[in-house]
Amino acid sequence: MLLDTNYFPPKVLVSVDRAEALVAAGKMEYTKEVFRNDPTTTRVTLLDLGAGADKVVVSLVDPLMSKPDTGAADNPQRKVTEDQLGKSYGSRLSTHWQMWVTDVIRIERFGSDCSIAAEGMFKFRVQVPPSAMVRKLKMYRVPMDAETVPDAESVTVAASGFVDIES
């Protein structure tokens, strides 16, 4: 099993499409920052995994990136998030908003017994790409079992481009 302590070496796997980090609580310093292989991408730094979390999987995917769907007869463009995370986020949630400025960030936390660690607060920092040039963001926290996207929370982006999140 992937989450078994004997087979869970901390690591970060990086490509242009996706970044995936396997983080163990006792070895967090080795896999603390996660970002895709792109100089203008979102960066996520784990600050505290929270009580009850022994292992964390962090995934980052560009919600706007498309590539040809080789399985389709007419070869339409397919969102990379569909391939990588099983979900498409569209170019924006509302026609009144601008397009996405950060990657989709998926954080999954697990206890030492490999159960889902849904309770308790954890902290992470998001560095917004400098090209976004925004000072306010709407962030969505979507629980695993959610049927719809909940209302967004407004967060302020520091002049340095950082946003600290407690969830």
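Start at 1 with the first residue, then count along the sequence. If you're wondering where the values come from, they're calculated on a predicted model, not measured in any experiment.
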* **Modelled atom types, side-chain donor and acceptor of D17 and S15, under 3.5 Å** => no
* To do: State which residues pass side-chain hydrogen bond (donor to acceptor under 3.5 Å, both in side chains) with R43; sequence neighbours excluded, sorted by chain then number.
  => E33
* Ignoring hydrogens and geometry, is there a side-chain-to-backbone donor-acceptor pair from R106 to L60 under 3.5 Å? -> no
* **Spacing of OG1 belonging to T42 relative to CG belonging to D62, to within rounding of 0.5 Å** => 8.0 Å
* Would you sort out whether V44 and R125 count as a side chain to side chain contact (heavy atoms under 4.5 Å, CB included), showing the intermediate values? => CA-CA 6 Å; V44 173; R125 174 174 288 150; over 6 Å; no
* Heavy-atom pair with the smallest gap, counting every atom of G111 and D54 -> C-CB, 3.7 Å
* To do: Check whether the side chains of D103 and T41 place a donor and an acceptor atom closer than 3.5 Å, and report yes or no.
  => yes
* Would you give the length of the straight line joining atom CZ of R36 to atom OG of S59, rounded to the nearest 0.5 angstrom? => 12.5 Å
* Could you give me the CA-CA distance, side-chain angles and deciding distance for L46 and F122, then say whether side chain to side chain contact (heavy atoms under 4.5 Å, CB included) is met? => CA-CA 9 Å; L46 297 172; F122 67 100; 5.6 Å; no
* Structure fact -> Of all heavy-atom pairs linking A24 and L49, the shortest is C-CD1, 4.4 Å
* To do: In sequence, state the C-alpha distance, the side-chain angles, and the governing distance for V57 and V23, and then conclude on side chain to side chain contact (heavy atoms under 4.5 Å, CB included).
  => CA-CA 6 Å; V57 178; V23 182; over 6 Å; no
* Rounded distance [0.5 Å steps], CZ in F35 versus OG1 in T40 -> 12.0 Å
* Structure fact -> A53 and R109 have their tightest heavy-atom pair at CB-NH1, 3.8 Å
* **Nearest-0.5 Å distance, CG of residue D48 to CE of residue M121** => 10.0 Å
* Asked: Are F110 and L22 connected, step by step, through hydrophobic side chains (Ile, Leu, Val, Met, Phe, Trp, Tyr) whose heavy atoms are closer than 4.5 Å?
  -> yes
